[in-house]
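Following: one structure in structure tokens, then a few remarks.
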Amino acid sequence: MTAAGAAAPPTLAVEGLSTHFFTKAGVVRAVEDVSFTVDKGEVLGLVGESGSGKTVTGFSVLGLVDHPGRTVAGRILFRGEDLLAKSAAQWQQIRGSRIAMIFQDPMMTLNPVLRIDTQMIEAVQAHEKVSREEARQRARDALAQVGIPAAEERLKAYPHQFSGGMRQRVAIAIALINKPDLIIADEPTTALDVTIQAQILFEVQELCRKTGTALIWITHDLTVVAGLADKICVMYAGKIVEAGPIDGVLDHPAHPYSLGLIGSVPSRNKRGVPLAQIPGTTPSLLNLPPGCAFRDRCASAGEACGQEPDITLPLPDRPVRCHYPHAGTAP
Amino acid sequence: MSVFIIRRLMQSVLVIAIMGALVFFAVNVVGDPVDMLVNPEADQAEVERVLHALGLDRPLHEQFWFFVKNALRGDMGDSFIFGEPALKLIVQRIPATFELAVAALIMAVVVGIPCGVYAGLKPEARTSKAIMAGSILGFSLPTFWVGLMMIMVFAVMLGWLPSTGRGDTVQVMGIEVSFLTLDGLSHLVMPALNLALFKMSLVVRLARAGTREIVHQDYIKFARAKGVSEGRIILVHLMKNILIPVVTVLGLEFGNLIAFSVVTETVFAWPGMGKLIIDAINNLDRPIVVAYLMITVILFVTINLVVDIIYSLLDPRVRLGDLKR
Amino acid sequence: MSEAARQPAQVPAVAAADKVRVETPFRRFVGDFFDSKVAAGAFAVLAVIIFIALFAPWISPTNPYDLATVDVMDSRLPPGAESFTGTTFWLGTDGAGRDLLSAMFYGIRTSLGVGVSSAAIALVIGCCIGLIAAYSGGRVDTLIMRVVDIQLSFPAILVALVLLAILGKGVDKIIIALVLVQWAYYARTMRGTALVERSKEYVEAATCLALGRNRIIFRHLLPNCISPLIVVGTIQAAHAIALEATLSFLGIGLPITEPSLGLLIANGFEYMLSEKYWISFFPGLALLVMIVSINLVGDQLRDVLNPRLQK
């Protein structure tokens, strides 16, 4: 994960990002030394179990980490400029206009007491001095873009009059409304029906292709990422344990955790064979002991795992954080 | 929606009728009217004369019927002390009490909501802790004692504000009001603040609890992710959600303010109906007591009804569920 | 704060269990309660107030209602002044020349007595009615809850005003009025809790064992309903004290022969305008301290006893 070529900086380059939560019970290292890049038009899948720090990574990029959390180290380079060096007001101007986010639960992301038009128009007017009518027109276009018919009528409605899938489309329309360079989607389809999930996946993919928007898709569901992403980062206990192009990682995982994750996906080819599972549960991030966080659940753990593993490159483009990377890495 | 209103309306009428009967029987049966009405030194003939004049020698059900018939015509009897219709005396005093209650309500909202929202946004800040300590105090402070202390400090020691009365009033649409003259306003400040103190604490608590719940909602974070300014998030996204419970509770509390103005009016000699009823109780002026009670009952039932309707209008989830075809 | 703050308290509790001192629910409750310094302080203050109330006749410097010792010549002396006979009036004297401190001790006795006894009586009555509502269900339940709702929609002070206008003055009258004002709160709490508890498995188990209805109610159901009732009871006692003081201040509560703090404050009202602040100030302060400490204890009780807040 080195910085991109000299020609143009990548849309987003995160370097050594650490976000910690300073609770009364101790420090929670929710995100620790995370680095990745996303280029124009590229889709990055950020995969991990719940509590692995993927959502906090997304919020860190937007500067939306809640108290008592704080980004303590690293750089967030958005088109070459470090967001952490920006003032609160400058960052606010980037949020929603250049970088947008879609949340997990569509039932909770829209304010129940405000009409859809209020919530869409404010997203436009927060960044540009345009008339209400102009903003409204853009809201109408955005709704049409995500496949919501009768946009004008829908604008006058309240969120509770929409189904979950429709609300998520509205949320996506709000994310798209200012034509951002980067969208961070935090499990936007998890709460939806499978058929609606497929529709939304397809639409988002289409939109990114067309507009060249970069996309970070946060999920715990490998199958979603498999069909969508160009590259993938696997997170465990706040750290990226493996990264690389989607096919390489999925076909030949190097980190024992990635291997376990891929093994636990049900598949038609493995009918009748018991699903592999990763024993144990994710460790608490509160006062995590030193050493590899995965070692208690890992089949290939050895003596060295008492020490924190460094990032190694068993293959070019395939950083892995493990003392004993899986042997089957060779293509 | 209209079915809902009609049903609530019928309930309200029923409550008023039951309360009217209760008040009548309580006052007429439990207390001995002869003790209240007749000079203790009067002889038997005098007692009988008064009883007959007031219809008190007739059987109870006839008296009740008489009471209902007169009450429906707006006649609650004449005050023993003033010799004027009780209802008229009370109605004359209503504007003063309302002015006091409304001023207190406005103070409670204007001070309480910002303080509560602030305490909810920054729960760890020292100012917030001071606000919350203040609100606990506001809940516990006996209203009448605070009123006395205010008079002591601001009227007696500092001499900034007048201690009693209503000051100069002007007529607006035939109603005397104090708040439009400087003198009247200076008379209004202390009693209104005194009456508002308890409600202020209540509003602070409600606003704080609401804020703390709402700031952690996803839609607030989503609004931030849209790049909406912090000011707009608080004023629009947060406020509109908080206002629903606050308005509901305050609506219900308005009646409470009117009841509690009895205390404040006594302390500050504010010429409202609260002062009238205390004097009437002490002077055993029964028609005024009955008239006051009937008016407050009607007032309360109306307030509850109106709040129910406003609540259903404020919350789109309730409103549209009922209205949209 | 609950979880983080409780953490340290539970560690010693577990250690204590190791030393074969079994951790009873009561002991844990006490431990949790004194976790908050504010609550512990409030509890200490309340203990002192209760002590004063119980032993007022023995600890008061003088007997304020013994006409032989009260001298009108001593009236309205400022705090710290001495009488002609050499007694020091630490908080001054009132309009009749009584030692204010002693009068306050007696006032606290009356105020606390009236507040607590009315809350206790209302608790018993309200609980019985609430239980009847919960157990009979149907029309009886609807009727009782309707009455409760209507009564609660009127402010307590208004209801008390009406009752006292009808009943007249007196300690017994004001207790009756306060009970009638408060019973509905207990009835509502009791009914709600009883309905929840009744549907729980332990009651079903007791029913399956064919235990008598009374036994189920008094041995199984009631003990489990106690914690919300304690919380409501504490808060209501504070309300009752404040309400009694207010009514006495208005001159429709206690008679002059049984002065509570409210009446003492009212007595000082007329001297207020001549800057003789202490006659009203100190009794009010005592009232305030009493109500605040009860409220703080009640708040903490609610936090500790509310199972929803316990993780």
Side-chain angles (χ1 to χ4, degrees), chain B residues 11 14-15 18-19 22-23 25-31 35 123-124 133 136-137 139-149 151-153 155-157 163-164 252-253 255-260 262-263 266-267 274 277-282 284 286 289-290 292-293 296-297 300-301 303-304, chain C residues 1 38 146-147 149-151 153-169 235 238-239 241-252 261-262 265-266 268-269 272-281 283-296 299:
Chain B
Q11 269 176 15
L14 190 68
V15 169
I18 292 174
M19 286 310 222
L22 276 178
V23 166
F25 284 107
V27 174
N28 285 280
V29 178
V30 181
D35 285 353
E124 300 297 324
I136 292 181
L137 215 58
F139 267 122
S140 304
L141 283 169
T143 312
F144 65 97
W145 184 67
V146 179
L148 289 185
M149 291 303 122
I151 292 182
M152 183 76 215
V153 174
V156 179
M157 289 179 169
S163 63
T164 52
L252 293 171
E253 291 288 325
N256 224 315
L257 274 177
I258 295 203
F260 262 93
V262 169
V263 181
T266 306
V267 173
I277 175 77
I278 291 295
D279 292 344
I281 290 176
N282 283 328
L284 303 175
R286 211 174 63 186
V289 175
V290 174
Y292 175 84
L293 290 177
T296 13
V297 166
F300 268 82
V301 169
I303 289 171
N304 287 347
Chain C
M1 83 144 214
V38 176
R146 220 44 226 153
V147 173
D149 281 347
I150 291 174
Q151 188 182 333
S153 72
F154 292 94
I157 191 164
L158 192 72
V159 179
L161 219 61
V162 179
L163 291 168
L164 288 172
I166 295 163
L167 296 170
K169 286 183 189 180
I235 307 287
H239 276 176
I241 291 171
L243 193 55
E244 179 273 315
T246 308
L247 294 166
S248 296
F249 171 79
L250 293 174
I252 52 173
L261 291 173
I265 297 169
F269 192 12
M272 193 106 218
L273 297 175
S274 49
E275 292 205 30
K276 295 191 171 40
Y277 67 94
W278 59 89
I279 308 175
S280 283
F281 177 73
L285 205 61
L287 185 62
L288 173 65
V289 169
M290 189 147 83
I291 295 171
V292 170
S293 58
I294 296 177
N295 276 343
L296 286 174
D299 272 3

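These numbers come from the heavy atoms of this one structure, side chains and all, not from hydrogens, waters or symmetry mates. Chain identifiers are assigned alphabetically (A, B, ...) following the order of the sequence lines, protein sequences preceding nucleic acid strands; residue numbering begins at 1 within each chain. Keep in mind it's a predicted model, so treat the numbers as computed, not measured.
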- Item | Proximal component of B:Ile136, with respect to chain C [non-hydrogen, under 4.5 Å] | side chain
- Honestly, the part of B:Glu124 sitting under 4.5 Å from a heavy atom of chain C is neither
- For the residue pair C:Ile235 and B:Phe139, establish whether any side-chain heavy-atom pair is separated by less than 4.5 Å. no
- Give the intermediate values and the outcome of side chain to side chain contact (heavy atoms under 4.5 Å, CB included) for residues B:Trp145 and C:Leu287. CA-CA 9 Å; B:Trp145 184 67; C:Leu287 185 62; 5.6 Å; no
- Query: Hey, does C:Ile252 have a side-chain heavy atom less than 4.5 Å from the side chain of B:Ile278?
  - Reply: yes
- Query: Between C:Leu296, C:Ile157, C:Val38, which residue shows the highest count of heavy-atom pairs closer than 4.5 Å to chain B?
  - Reply: C:Ile157
- Task: Return the set of residues passing side-chain contact (heavy atoms from CB on, under 4.5 Å) with C:Ala266 (not counting sequence neighbours), or none when no residue passes.
- Result: C:Phe249
- Item | Residue among C:Ala242, C:Pro283, C:Ala245 with most heavy-atom pairs under 4.5 Å to chain B | C:Ala245
- Message: What part of B:Val15 gets within 4.5 angstrom of chain C, counting heavy atoms only: side chain, backbone, both, or neither?
- Response: side chain
- Message: Are B:Met149 and C:Ser280 packed together at the side-chain level, in the sense that at least one heavy-atom pair is separated by less than 4.5 angstrom?
- Response: yes
- Query: Can you say whether B:Val267 sits under 4.5 Å from chain C via the side chain, the backbone, both, or neither, judging by heavy atoms?
  - Reply: both
- Nearest heavy-atom neighbours spanning C:Asn295 and B:Ser140: ND2-OG, 2.9 Å
- Contact class of B:Ile258 relative to chain C, heavy atoms under 4.5 angstrom: neither
- chain C interface, residue from B:Val263, B:Val301, B:Val146 that has the most non-hydrogen pairs under 4.5 Å: B:Val263
- Task: Please lay out, stage by stage, how C:Val292 and B:Leu137 fare under the test side chain to side chain contact (heavy atoms under 4.5 Å, CB included).
- Result: CA-CA 7 Å; C:Val292 170; B:Leu137 215 58; 4.2 Å; yes
- Note, C:Leu158 side chain near B:Phe260 side chain (heavy atom, < 4.5 Å): no
- For B:Ile303, check side-chain contact (heavy atoms from CB on, under 4.5 Å) against everything at least two apart and list the hits. B:Phe254, B:Leu299, B:Val307
- Task: Could you give me the CA-CA distance, side-chain angles and deciding distance for B:Phe144 and C:Leu247, then say whether side chain to side chain contact (heavy atoms under 4.5 Å, CB included) is met?
- Result: CA-CA 10 Å; B:Phe144 65 97; C:Leu247 294 166; over 6 Å; no
- First locate atom CG of B:Leu293, then atom CG of C:Leu161, and finally report the distance between them rounded to the nearest 0.5 Å. 8.0 Å
- Let me see the working for B:Thr143 and C:Thr246 under side chain to side chain contact (heavy atoms under 4.5 Å, CB included), right down to the final yes or no. CA-CA 8 Å; B:Thr143 312; C:Thr246 308; over 6 Å; no
- Any side-chain heavy-atom pair from C:Pro155 and B:Phe300 closer than 4.5 angstrom? yes
- Note on the structure: Rounded to the nearest 0.5 angstrom, the CG-CD1 distance for C:Leu250 and B:Ile277 is 11.0 Å
- Rounded to the nearest 0.5 Å, how far does CD1 of C:Ile265 lie from CG of B:Leu148? 7.5 Å
